[in-house]
Structure formats: C-alpha cells, structure tokens
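Written out below as structure tokens is the structure these notes cover.
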Amino acid sequence: MSDGRREPQPQISMTQQGGSLDGRGEVRPVPEEQVRSYYGRPVLKEPVWTWEIPWYFFTGGLAGASAPLALAADLAGNERLARSARFGALGGAMVSPVLLISDLGRPGRFFNMLRVIKPTSPMSLGTWVLSAFSGAAGLAATTDVLGIFPHARRFFEGVATLLGLPLATYTAVLVADTSVPVWHEARGELPLVFASGAAASAGACAAIFTPIEDAAPARRLAIGGAVAEIGATELMKHRLGKFLAEPYEKEAAGRYEKLATALSGAGAAVMTLAGRKSRAATVAGGAMILAGAAFERWSVFKAGFQSARDPKYTVFSQRERLHSRHRAEDEG
Amino acid sequence: MSIRDFIPEWSVPRQIKGADRWALGPAAQSRHQAQLTPRTKKADRVVKSVCPYCAVGCGQRIFVENEKITQIEGDPASPISRGRLCPKGSATRSLVQSPMREYKVKYRRPYGTEWEELSLDEAMDMIADRVIKTREETWEDEDEEGCHLHRTLGFAHLGGATLDNEENYLIKKFFTAMGAIQIENQARI
Amino acid sequence: MSDSHPIIPGSGITGASDAYNIEGRETPETRPLIPLGQRYYAEEKPRMGFFTDTTVCIGCKACEVACKEWNNVPDVIGELTGQSYDNTSSLGANTWRHVAFIEQRKPIKMQQEAGLMTPGSEEDGEFRWLMSSDVCKHCTEAPCLDVCPTGSLFRTEFGTVVVQEDICNGCGYCVPACPFGVLDRRQEDGRVWKCTLCYDRQKDGLEPACAQACPTDSIQFGPLDELREKANGRLEMLHEAGVDDARLYGANEEEYGMGAFFLLLDDPEVYGLPPDPEVVTRKFKSLWGAAAVAAGALVAGVAAAFAGGAR
Amino acid sequence: MGSNMAENHPVGFQWVVEARLRGAKIIHVDPRFTRTSAMSNLHVPLRAGTDIAFLGGIVNYILENDRYFRDYVVHYTNAPVIVSEEYADTEDLDGLFSGYDPESRSYDASTWQYVGTTVSGAAGQREMGGITGEQAHYAQAGELGHGGEPPEMDRTLEHPRCVFQILKKHYSRYTPEMVEEICGTPKELFLQVAEALCENSGREKTSAFCYAVGWTQHTVGVQYIRTAAIIQLLLGNIGRPGGGILALRGHASIQGSTDIPTLYNILPGYLPMPHAHQHQNLEMYVERNSAKSGYWGNMKAYMVSLLKAYWGGAATAENDFCFDYLPRLTGDHSIYPALMGMIDGWCKGFFVMGENPAVGAANGKLQRLALANLDWLIVRDFSEIESASFWYDSPEIETGELKTEEIGTEVFFMPAAAHTEKNGSFTNTQRLLQWHFRAVEPQGDCRSELWFMYHLGRKVREKLANSTDPKDRAILDLNWDYPIEEESEFEEPDAEAVLREIGGWDENNEPLPSYLPIKADGSTTCGCWIYAGVYADEVNQAARKKPYWEQGGNWVAPEWAWAWPMNRRIIYNRASADPEGRPWSERKKYIWWDEEQGQWTGYDVPDISPTKRPDYEPEAGAVAEDAIRGDKPFIMQADGRGWIFVPAGLTDGPLPTHYEPHESPFENALYGQQSNPVREVYPRPENPYNPSDGDPGARVFPYVFTTYRLTEHHTAGGMTRTVGHLSELQPEMFCEVSPELAKERGLENDGWATIITSRTAIEARVLVTDRVVPMKVQGRVVHQVGLPYHWGSKGIVTGDSANDLLGLTLDPNVHIGEYKAATCDIRPGRRPRGPALVRLVEDYRRRAESHNGGG
Ligand SMILES: Nc1nc2c(c(=O)[nH]1)N[C@H]1C(S)=C(S)[C@@H](COP(=O)(O)OP(=O)(O)OC[C@H]3O[C@@H](n4cnc5c(=O)[nH]c(N)nc54)[C@H](O)[C@@H]3O)O[C@H]1N2
Ligand SMILES: Nc1nc2c(c(=O)[nH]1)N[C@H]1C(S)=C(S)[C@@H](COP(=O)(O)OP(=O)(O)OC[C@H]3O[C@@H](n4cnc5c(=O)[nH]c(N)nc54)[C@H](O)[C@@H]3O)O[C@H]1N2
Ligand code: SF4
Ligand code: SF4
Ligand code: SF4
Ligand code: SF4
Ligand code: SF4
Ligand SMILES: [Mo]
C-alpha cells in the first residue's frame, strides 16, 4: 500500500512474533522470543491463595514431622524430647486449620470440606488427614499432660505418625496436582523438599524447647533436614531445567529462596558448631532453620504464582512436550 | 451452611452406598442442583416482542413472572432472526430494568439549578399550556404574498425512529393539526 | 437442540446452518468418552457440548452478554485495555464466555478460498483479525473437578462440569488446577464461578443462552459426537479450500478430551489457549509416589537422627 | 459498502455468513478493516468520502468492457431514452451540470429532461421554497408517448444523446488509475471488485449491495446510492432474488417513522406536505405532485383518504376535505433550520421524544446552545439523557461558555415506557411491520408516547373547546376519539385502534384489504395508504407470528408479520422475469407469468397487477398503473423504467459525480468544482468550518476522520451506556489510528489523544491498529482517524462525544449531515479543561483561518 513498509507493532507483538512452532526439526531460539501468546496474558489463572497457605505448608510440615519424632523419642525413652515434639505436633495441628479456614473465600463453609472423601483431591484427603491428625496429636498431648493412659498415648502417637507422614508431604502433592508448570513439573521432587523442610522444622522446634542434653536427635534431625532441604531444592531446580527453574530464582520467589538457603545453611552450621554446648546457639540456629523452612515454602508458593502469571512458562513447556512427542513419533 | 443443612447434603454416605465412589457425579450433587429448573419455566406468561434497538427487527420472547420480566431472549420462530440476538438485543432485560431508568417526572424551572418534582398530571397541563401559548404567539396565517400558511414555526419535534408506528402516527397527526411543521426524526441523520 | 427447521424445503437449508455437512464424507468414529461421574446417573443421556467454529465468529460478544443476562453475572466496568476490541480480557468469575480479538499480519487464506487475494507487498503479509469465543472446556477428565475438596464441582448427567454455588467454600484449589485458566474466585462473594453449560436450561431441554444468541452459529450446541462429526466436515471443507491453518482443538479424546472444542486458524496459544493441555490430576502414581518416597525418607531421617543415640 | 453490517446488523449478518459458507463472495469496501471485513473474502480500503469515484469506476469498467446485462438494460431502464439537447454534462462544465445558478447555489432541472417532454420543474427552486428531496421524488418525468414509452428512444443504445451514451461519457475518466488517485485504493484491488461484481451478475447470478449510513452521511449521500443503482441496473440486479441495493436502516422503526413520518416534508405514505405557493388547493396539489402514469397517478385518492383519517366527518368534498387545515411549507423546515431558529429565538418550544441530539447530532455545541435558548423543552426518555441534563453538565458548562443560572429553558423530563411496556408495531429495514405485545405495565410516571400524545391532544382540545378562532378548527375537528384500553389503569389508548385507522376502512367501516380500493371521493379512510391491508379482515396482520417452519415451505415466510405494500417482500419483483414474463433463469426464479392461469405467480406477491399481461400496452389516456406497460417493472416511475439518468427529482444533478467532502485535505482530481455545489451549509459563528484543500490553513487539519458505531453500543448511548453488561464491553471513548500516524504524532496505544477541529477538541483513548491503513492519495499519504460516537456525559460509562467535532453540512436532497468525512488534527495527551479548551480551539481556528462560509 501507499508509501511503503510498516513498522513492526510493539503493542501487539506478543501475538505477532514468530511463526508456527511445531515445524519439526527447526532451529529453536531462546524461549522468550518464540513464545506466542494472547497479549502476554496468562494462560492459567494465578492461584487465589493468600499468605495463610505457605504458612500452613509450614505448620503442617512441622506438625507432621513432629509426630514421628515424638514417637521415636518415646520409643527411645527420651521423654523430654518426646514431649517437646508432641507439643510441636499439637501446636502445628492447632494453627493449621485456622490458617486453612481463614484462606477460604467462604470460611463459614469450611465444613463442606468434610462433605466428601475425594480420592482425586489432595486437599480433600489432606483435610481428612489433618482432622484425624489433630485428634490423634491432641489426644497424645492430653494424655501426656494429664499423665494418664501411657499405652493409649503411644497408640495415639502411632496414629499421629501414620497421619503425620502424609501431612508433612501431601501439601507438596497438593500444589503439584495443579496445572502450574513449576509446581506440576516438580512433582517428583517437591514432596522431598517439603518433607526435608518438615523434618528440619520439627527437629529445630523440638531442639529449641528441649534441654540441650536431651536434644541431640532433634538437632541431628534439624541439621540433616536443613541440608536435605537445600539439596532437594537444588535437585528440583536441576530436574526442572533452566527454563522452568527460572521462576524459583527471580522476583519474590528468588529472594525467598536465597533467604531460605542462607538461613537453613547458617542455622545448620550454628547448630552443628555450637548446638551441643549452648542453648542460646540452639535457639538461634533452630530459629534460623525454622525461618529457612518457612521461606522455602514461600519461595515455592511465589514461584507458582510467577509462572502462572507469565504465559511463556505454560506455552513453552507444552510446546517442548509437543516437540518431543513429534520427534518420538517421527522416530518410532 | 449450618450443620442442619449439612447433614442431608453430606455426600460420604451416598459415596459409600452408590456407584459414584469417587464422588465426581451424582454423589456430589446437592439437592438444589438436582432439582434445578430454568427460571423461564416458572414464567406466568411468555410475550412475543421485537428487539427495540436496530432495524433488523429480531424476534424476542419476554418471560414474565409475578408481573416482573425475568428473561428476554430470541424468538426461534422469527424467520428474520431464528432465535438469535446480538449483544444489545441480548441485554434488553437490563435495558428495561436499568438502574438508571427514571420513573418520575422531573422539572427544571427557567434559570433553576436543581430538578424539582412535579406530578404527571400537572406536567401534562403545563405542557398543554406552553404549546397553546407558543402556537398563539408564533402563528402564521398567510405569508407576505397572501398565500395560505396556517402554521407555526414556534415549536419543533424531534424523534420517532425508536417509537411505534402508532405513536408516530399520532405525533404527526396532532402536531400537523396544530399547524406545526418542524416534525423531525432520525431519518435526517 | 439448536432449531433445525427447514426454511427452504428441498434446498436442505435449515434453521441451524447445515453448511457443515458434506455429503458422502466418511466420518471417523468419534464417539466421545463418557466421563467418569456421568455414568452413575439413573438416566443415560448423551454427552452434550459445544463446537465453537471461530472462522464464522464476528466478535459481536452476544455470547458474553447472553450468558451474563441469563446467569445474572455482575458486570465489571474497567478501563479500555488497548487490546483490540477485547475489554473483558479473559475468562473469569464474571466472564464465562470470553471473546478474544487477535490482529495479525498473515496471509488470509479465507480470501484464497474464493480466489480473491488482497495485494500488498510480500514482506508485509496480509492482515487478518481473528475472533474467538472461549469458554470452559467441560473436560472429559477435568482437573478442576478432580481437585475440588467439597464436591462443589461435579459432573452432570449431560457430561458437563458444574460448580455448585451452594456448596463451594472458595478454597480456590480448582483455580490453578484448570489448565485453561477458566475458574476464578469472585471477590465479592468468595466463591468460584464458571460456565455451567447452562445446566438449568439443559434440564428443560433448552439450548444454552450463549449458543442460542450467537448470530452466526459460531457456537453450536448439541450431542458431542454429532458436533465432532460436523466439525470434521467443516475442517475438511476448509482444507479443501486451501485454508491450511484450520485445525480442531480439543476434539481428539486421545490428546485431551473437551466437551467444548474449537476450530481455530492459528496455534492455540495465539488465542490464549494452552497448546498441549494435560490432565494433571490423573497422574496418581507420580504424584503420590513421590510423596511416599518423601515420607519414607522422613521416616528414615527420624530413625537416623536416633541412630546416633537417644539423647 | 458504507455499511459495517457485522457490527451494526449482526443478526441480519447471519445470512451473509450463511451465504459465504455456501460459496458466496463477500467484499467489504470501508475505510477501516472492521468485523465485517474480517468475515469477508476481501476487504478494500478507501478514503472516506470517495465512494462515487470508486463506484463510478465500476460503471466505467462495466461499460468499457461491455459487461452489462443488455436485455435488462434495454427493456427495464431508461438507458435507451434520448435526453434533451440543452443538457450539458459535468464533463462539459468542469464539474457542473447545465442549469446551475451560482447566485442561489441551486439547479434548474429543466435541461435534464427527456426529449419531447415537459416537466413541472421540481428541483432547483429552493429559493422559492421549492420542493426538495423526497418530495421531488414523485414529480413527473414527463408525459409518455405511444404505448406507454418515452417519446424518443434508441434501443441500439448508440444515439449520442441517449442515456447510455451520456453515461459512458460521464464516467469515461473514472478509470482504475483515477480510482487509485482519488480513493487511495490500489488499482488491482479495485479491479478485483469490479470483475467479481460483473462475474457474479447476469441471468444466472445476482449480486447485492448493502449500504447504510457509511453512504448516506455525506454531502453527496443520495448520489452514492444512485451510483450503486446505476451499477445494479446495468448488471440486472434489481427486483431479483439475491440482488438489490439493501438499505440497512438504523433504529427499530426508522423505516416506520419515514413511512408514517415524523418528518416535515411528507405526510404518511410519502405524500408530500403541501407547499404554500404551489399547492394552494387539493387539485393543484395533486396536479403538481404526481405524474399521470405510474402509481402516483392515484395520489388524490391517497390524500383524500388521509384527510378523512385526520378530520373524519369534517372532511367533505365541499371543503376540499379540509386540505386547508394542513400547514404549508415555504422551504426547508427540517430540524437544521429549526435549530438555527432556536438559537435565533423564533423557535421557542421543543419536544424531544426518543432522540438525543445533544450527543447524537453533529456539532454538539450548536445543539446544546439551541437547547439552552428555548422557552421550554420536553424530553421523553427512559433515563436522564444528555439532552435533558445539558443545563448543568454539558461541556459548555465546564468551559464556562454557558452558566446554569443564565439558561432560561424550562425543562420537563417525562419518563417513557419501554417497548416491553406497550403495544405497538415497528417497521424494520425490510419494510416488515412487526407487532410487539406489552409484557408488563409501566411503572411510576412512565407512559407510552401513545398515551402522551393522546392526552396532550385531549387536554389541548379541552382547553380550546370554546374557541371560535378559525385556526383552532383543525384541532377541534380532529378525529381524536380513540378507544381506551379497558384494563388500563391510566387510560392508555388502544394501539390496535390506531393501527386500524392507519390501515384504513371503506364506506361500510370494513378494513381495507389493500391499497387498491382506495378512492378519491371521500368514501374511504386511510391513515397511510402503503399500510392499507395491515388490518385486513379485522386482523392485526402485523401481529402474525407463525413460525417460519410452519409456512408450507415458502422461504419468503409471508405469514410472519406484514410487509408494505400488500405484504410484498421484494419490490419491483416484476424484474425477476424477462420482458415476456419468463424467469431470467431457473435458478433465480421468483415471480413469473403463468399463461394458463392468465396471471403472475411465484413466491411473493407480484409487484404488478396480477393479471396484467407481459405484452400489455396502455391505451391512450390511461392513467396511473394502467398507463404502465406489462413489460415495465418500475411501477412507481412514470415510465415504468429504472432510472439510470434522473431527469427530475434530485437537486444536485441527474448523474452522480465525484465531489470532495466539504472538508477535505485534497483537491477534486476530476473537476474544477471542489465540492457538491448545492450542498447545504450553515455559515454562522456557532458552526465554523475547517478550510479545505486549496484554502490557506488547510494543513492545520491534515487528517481525515470518520465516525461510526460499535456492536456493543447503540447510537447516542442512551440505550447502552445505561446497561452494565454492554458498558463493560466498551468502557471508554477511543480513537483508532494506524501505527504510522501514531508514530508521526507520538500517540501511544492505550494512552490518550486529543482530536481537534474548528468546532472544539475532545479526548479519547488511543487504539493503535493495523485495521486503519494510511492511504496514498494524489501522491500524498493521508491518515485517517476513526471515532465511534457513542459517548456522552451520562451513563455508567461516560466520555467525550465525537459529534462535538463535526460541523453541520448537509446533503441537499434529504438534509442528512456529513458525519462520515471531515478533517481534524490529533495530538497526544488529554485535552485541556475549562476555558483553556476554548483557547486551544481558538488558537487552531486562528492558525487555520477557519471560516464560516462554504465555497
Ligand atoms: N451495534 C449497533 N448497531 C446499530 C447502531 C448502533 O449504534 N450500534 N445504530 C443503528 C443505526 S441508527 C444505523 S443508522 C445503522 C448504521 O449502520 P452503519 O452504516 O453500518 O454504521 P456506521 O458504523 O456509522 O458506518 C458504517 C461504516 O461506514 C464506514 N465509512 C465511513 N465513511 C465511509 C465512506 O466514505 N465510504 C464508505 N464506503 N464507508 C465509510 C465506517 O468506517 C463504518 O465502518 O446501524 C444501526 N445498528
Ligand atoms: N458522528 C456521528 N453522529 C451520528 C451518526 C454517525 O454515524 N456519526 N449517526 C446518526 C444516526 S444514523 C442516528 S439514527 C442518530 C441516532 O441518534 P439519536 O437517535 O439521538 O440516539 P439514540 O441514543 O438512539 O437516541 C434515542 C433515544 O430514544 C430513547 N428511546 C428508545 N425508545 C423510546 C421510546 O419508546 N420512547 C421514548 N420516549 N424514548 C425512547 C432511547 O433511550 C434513546 O435515548 O445518530 C446520528 N449521529
Ligand atoms: S438483536 Fe441486534 S441485530 Fe437484532 S434487532 Fe436487536 S439490535 Fe438489531
Ligand atoms: S476447562 Fe477448566 S474449569 Fe472447565 S472443566 Fe476443564 S478444568 Fe474444569
Ligand atoms: S473453590 Fe469451590 S469449586 Fe473450587 S475447588 Fe474449592 S470448593 Fe471446589
Ligand atoms: S453455556 Fe450458559 S453458562 Fe456457559 S457460557 Fe454459555 S450461557 Fe454461559
Ligand atoms: S455470539 Fe457468536 S459471533 Fe458473536 S462473539 Fe460470540 S461466538 Fe462470536
Ligand atoms: Mo440511524
């Protein structure tokens, strides 16, 4: 038309860039440039969850991992440690539902959670588990405080342990069981991250509230958990690949992750070096480990939002998948 | 939901009893949903109408329940529209029930700064007086050359394309009898 | 269920456009999967759905409006987005049908269809304006339905997926579960909302409000198997006319079964749709397996902590 | 062309989409790429205001390449007719036709006549307050010679003064290159359109044009449509299924409000309003308005029956059926002079019932100044529209040009009943009268116009009951006794009774079955002759709602509602058969002559007396329809032929000619005459014009802008900005500009822009889009700015009104304003507020030396 060439249009560039992506065997430039989208709008909806949820991941983990710690300590005859862990479990179990309910759009309808048992819904199962766990942990703590029914207490501890294990890990399944790519694609490693974080926080919490002389297993659990948490996170990011790991490394998620690693690492170091000698060091190290575990959950939480917000994560990972499927078809 | 409502809505027993073990279907359905009916079914009457917006003239059905319009949608019987409506036609119920609709006469006196209230009858009376007076003041019986004019240019009318034929007929008829000529509508634009 | 009264007898022209049916065309077996959940109703019903043919969408948004009017969805007055004629932006709690507008420089195959071409220098490419009305897909295996902890989301006897506003407690889990970003929580009332495929209307044998309104029949409603057949016919027609861009999205159960599927003229992501959606929620093994491993590791960790001594 | 059908008639557009699915080609010619273009096989951009050059190019293409439908052209059009020797064409006079009087800026049409006929000069007497526009339409084209044919013809189409040759010469310079030069449309693209149109016309195929206000809203609007008519007559596309020139009209009953007009110059059924000088009595009126042949030959019968409907028993043969009760015209009394009268103070009162001129009409400021200078104003609407609220929230209040305390207008806002709250009929664009039934009673003070007019009339009559003033007789003698609905709580008149009066009755008070029995002796009464039959058999025919699938297989669905005239769905359908009465082709058959039955049959009601043989030739002295031959379809014309060349009835020439819009950045490439010489202008301070090309300062307003609609809103917005579900879809006023213009002026997508003309400046959000392309015209690039016009100060969403930018210039035939092409400047950012806005515009005016005149 008229006098010549049109300039490329920045305002609608997202939809205009690039050609078809599934031409086979074509040279593939960096993701950002080849991802097409609708005005850069997200394909997915960002979750609507608010601050309560990462804290719930944390308290749930703390509670869940505290139960086996309590049982083990009880079995091992470390009554002081067992009691701390028992109260850790109870505390976590008491705070968790409050957080959950507060996050609901209709808190008054919390009971509807117990309307069905949905095997397909981690949240449904998780709610049942949490409810049962709270009961068991509560009874274990009550019998402890009242000093009655020692056998029953051990039974309750056993139940709480059985429920605590899923409680500490199901939240990872919960987020992985969504279409958010950085959660779903991390489904293999996220439970490990959460479990190690749970172990670290259960250990740290118990260590803080237990006299040094009785706290060694808790310290070891805290240190081991913290180290495992750092390792599992790295493993997760490695498995996700450079592109999908990106959301974990930038913006809020990235900041939280750095803090988590630093605090967990530092906490573990403090505990290792001074935990045996100084109660204060234990408290400080424990607090750092607890904070590290919390920040790790926040990092995971935020990364999910960040990846849902930007269509490139959804589109690119799916395009990649299509590609490899096509390649496989070509070869097969 | 209170606990009392909760019990009959409880799915777990149905889940255990029925085939829908996973509670993905009927076991999860609430009583309310099971008994759902479209509100159009409850209409006391369905009135045939025509879209008030554009000249395509799509058929509409108006559903009325308790003397209130509950839904307006396309009339499938119309050979023009076959039941379809554009966004405006689809929004007709919101048009006639718009929160911005006025239901009272409003009056602004000359140089006034506020709307005032006026009864409908009073307003009609005042308008009749205004028309008669203006007509009287601006009447033209003949022009300079003595040609019969029998008219007034003292007032004008505008509008008609949104009105019914019967209404336009009365407007033209009455104003013409009054000797008014400047009767106009959207056809000019 | 769309009215198909003949209007020119003998001519085959019916109220609902039959321009999609090609005579003598072989139709592949496309009987859609009856989804889990639907099977358990007392009465067996065919699975109902939508075929949205975006090649005849005029972007009028009647579907958006008709839906909101029928379902009393509140309006949200925003600002101009500057994104073509789209000012509602995406599906959400208050927009259950959403019309996307895409302005593109690309060869217009529809013009080739009739042997007409627009000129213009080669390197510019031609301009086209794609419009498409998006909606909940009523997935055969719906992630949102799977994850809902209250049973608020359920599968109806028509094979559709519906949120029960009397049950939903706004836990928000379904929101990120949906691979299409359909569900969202309504600020004012804390619940999530989405297309019900006009469950109430269907119960009385009525066509959904959006499909009934759609002036060009871009939205076609009916038994899913029939729709898929029609869609295949239309696709063939377009391919024969040289519109190579045309493709069906969501019509293939093997890839990802949708109760509401689409005929598109470009990659899905251009319309804001995921190119390869997955039923994330049915990967029980990998999801729970990893959790079991992690739980095991946790047990091992605790045991190890005591290995060095009980105190 | 000139219509954005997918956006503005979306449900009608389903048939276009359906046709496309079946293989039809859709071409959209529009300055912008719209939702219609998106659905078309081809979009063809052109510069706003240049369609005659484009269409004239097609005429030239058809003639140059011998692509016309010869049989049709020779028999059914006036192509063979020889025109007066005195006629001189625009080719001879550099853009003017013979008969132009520069003094009065008008034409004397007497030189445009057929050879051998005289004409009662219709056009060109505006100074005398002559007849214009629709009125002149019916003036005769002269007497016919032997056998009902014009006196001189050349069926070989070779005679240099036959219409065909005149046409050829007139358009000889409208070449593809010239089209490109003027319209900016690339030549190849234009040729594709021309070829596609020719290819798809003829015996077996037909093509249709759809237009709407993209064509009418120009200073040459009528001539736009005329050019299309020429093409369609040449290609044989009129009166045949799938053909025609389809006016996609605007409001629900805009067609009805012209048929039963709320218009100054006509009475119901297109009877002209009498003129003071020319129509001093009924006889003169009939004599001067109608030809003897053709349907208007019955004008007296229609007029007398109307007068009977108005004045009933008082109207007798002795008193000329009260003809003198009718007020007389002396010139243009359209709304525009009335507006000037309001500003000048002689027009004191104003009823606004179902229109919103403060937003919907050009030059918003002038509109509001008029409102602000009234004695009294009555606004009837659903909500408080801008025309009712101007005295406290108009832009002029904001700038300080008006002050509430200084506005003397007494305002009555009367809430109106909606269509769901009243019975009545709308006439749609297809001439179909459709009844809508009341669903619920109106609330509060809401009332129908029927109620309002009836009771206003009743009150006035009561107040004047004792008057002896002769001028009040017309009011007191008025037939005004409408029955009141029995159940009505507030004395709602019975709408069906009014419809019955419109449809008319005979001496026995039996409803008329059609217009055929209407008589001139006062024995029949009929409120609108073309609607006669709408109440046949005491049945409200407009209320018929028989589903189309129950109509025995007739796709015309004649039992759905009722079409005027006589329930006929395609007019001039005699043309669907050849001169011998056989269908032109089996594929395209519609109505045809059945020799056995001795009558016309087919799918529709024939538009010819059912038993008039194809070889019928009128006897000498035959009148009205009897004077039309059996092989002539265009029965409203005196010669029964489709007029390619219009010898009488138009004020601006017998053949469409390209003129530049009143405000244009270009010179007329074809003629020395820049714009339509007889366009109507209002040179006054409230209505300054931007200079056009050639004038100094034209470059101050370098861009062309056009205004239009969106699917999501309706006209001035009173019916959509009040509705949340529509408002959210298009929440803000915006302008559409090309990326190139955005770059040139630093406009950002989603940002703000200020658009300025000599009238005022408005602000709008910016939509940068490839849908608007810059055009190369006369070697220069011109940018176009697109502006929807739906916003105003009231409603759920508000914004500046595009109409504040436009000046008032009109088509001289029908007084329609040039809303579709004007010039402007655009700059980034929001507009200044308050008095600063006035200063900005003044500054522009000074730089441009904007003037009040029109050259
Ligand atoms: N959604 C909706 N529908 C409506 C209305 C509405 O407001 N909204 N209004 C109704 C009314 S009252 C009317 S009159 C009709 C009007 O219906 P249309 O005439 O279709 O309405 P517009 O959008 O004003 O103009 C049509 C097109 O003309 C183009 N145009 C501008 N200048 C020119 C020109 O010089 N030449 C050509 N060829 N095209 C040009 C514009 O770009 C625009 O796309 O619509 C009716 N239908
Ligand atoms: N710039 C620009 N300006 C234009 C045009 C353009 O293309 N460009 N187009 C022009 C055209 S074609 C038109 S038709 C006009 C339209 O301009 P208007 O007719 O002034 O605009 P509307 O908003 O349709 O106004 C009609 C009003 O009638 C009211 N109404 C509806 N039904 C009833 C009823 O039964 N009784 C009463 N009392 N009121 C009722 C509605 O609420 C509405 O406020 O705009 C013209 N102006
Ligand atoms: S539904 Fe739309 S197209 Fe039909 S009459 Fe109403 S406004 Fe016009
Ligand atoms: S599209 Fe999303 S919301 Fe709809 S059924 Fe599928 S998963 Fe659920
Ligand atoms: S928000 Fe409502 S519908 Fe969604 S998962 Fe939770 S309870 Fe179910
Ligand atoms: S089916 Fe019903 S609920 Fe779903 S989008 Fe259409 S109208 Fe809305
Ligand atoms: S109603 Fe139909 S044509 Fe209009 S936007 Fe929706 S799908 Fe497209
Ligand atoms: Mo209009």
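Values below: every heavy atom of this structure, side chains too, minus hydrogens, waters and symmetry copies. Sequence lines set the chain letters: A, B, ... in the order given, protein chains first and strands last, and positions in each chain run from 1.
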Please rank [options] by heavy-atom pairs under 4.5 Å with chain A and give me the top one.
| options | result |
| --- | --- |
| G272(C), S152(C), P268(C) | G272(C) |
| D146(C), V279(C), T81(C), N169(C) | N169(C) |
| G172(C), G308(C), G181(C), P149(C) | P149(C) |
| D86(C), V182(C), V293(C), V192(C) | D86(C) |
| P143(C), P277(C), S90(C) | P277(C) |
| A294(C), A305(C), C168(C), G190(C) | A305(C) |

Are D276(C) and R321(A) within salt-bridge range, i.e. N to O under 4.0 Å?
yes

Does any backbone or side-chain atom of [X] lie under 4.5 Å from a heavy atom of chain A? Answer side chain, backbone, both or neither.
| X | answer |
| --- | --- |
| C148(C) | both |
| L273(C) | backbone |
| L36(C) | neither |
| A297(C) | side chain |

Sole candidate of Q318(A), K312(A), R319(A), R36(A) that passes side-chain hydrogen bond (donor to acceptor under 3.5 Å, both in side chains) when paired with E269(C)
R319(A)

Does any backbone or side-chain atom of [X] lie under 4.5 Å from a heavy atom of chain C? Answer side chain, backbone, both or neither.
| X | value |
| --- | --- |
| A172(A) | neither |
| A65(A) | both |
| R80(A) | neither |
| F110(A) | backbone |
| L174(A) | both |

Minimum side-chain heavy-atom gap [X]-[Y] below 4.5 Å:
| X | Y | result |
| --- | --- | --- |
| W288(C) | P122(A) | yes |
| D177(A) | Y173(C) | yes |
| V116(A) | F154(C) | no |
| K45(A) | C178(C) | no |
| R185(C) | L104(A) | no |

Nearest heavy-atom neighbours spanning [X] and [Y]:
| X | Y | result |
| --- | --- | --- |
| L287(C) | V173(A) | O-CG2, 3.7 Å |
| A290(C) | G188(A) | CB-O, 3.5 Å |
| P275(C) | V315(A) | CG-O, 3.9 Å |
| N112(A) | D166(C) | ND2-O, 4.3 Å |
| W49(A) | C171(C) | NE1-O, 2.8 Å |
| R109(A) | E165(C) | NH1-O, 2.9 Å |

Can you tell me if [X] uses its side chain to pair, donor with acceptor, with the backbone of [Y] under 3.5 Å?
| X | Y | result |
| --- | --- | --- |
| R191(C) | G105(A) | no |
| T150(C) | M113(A) | no |
| T178(A) | A177(C) | no |

What class does the angle between the rings of H98(C) and Y38(A) fall in, given that below 30° is parallel, 30 to 60° is tilted and above 60° is perpendicular?
perpendicular

Can you measure from CG (L75(A)) to CZ (F306(C)) and round to the nearest 0.5 angstrom?
9.0 Å

Is it true that atom [atom1] of [X] has more than 12 heavy atoms of other residues, nucleotides or ligands lying nearer than 6.0 Å?
| X | atom1 | answer |
| --- | --- | --- |
| R282(C) | CZ | yes |
| E79(A) | CD | yes |
| R276(A) | CZ | no |

Out of [options], return the one with the most heavy atom pairs under 4.5 angstrom to chain C.
| options | answer |
| --- | --- |
| R325(A), R220(A), E189(A) | R220(A) |
| S124(A), A195(A), A73(A), P217(A) | P217(A) |
| I101(A), N78(A), T169(A) | N78(A) |
| G164(A), P191(A), S121(A) | S121(A) |

Could you walk me through whether K118(A) and L145(C) pass the side-chain contact (heavy atoms from CB on, under 4.5 Å) test, one step at a time?
CA-CA 10 Å; K118(A) 285 257 297 250; L145(C) 164 53; 4.1 Å; yes

Using the rule side chain to side chain contact (heavy atoms under 4.5 Å, CB included), only one of T161(A), L165(A), L192(A) pairs with L298(C); which is it?
L165(A)

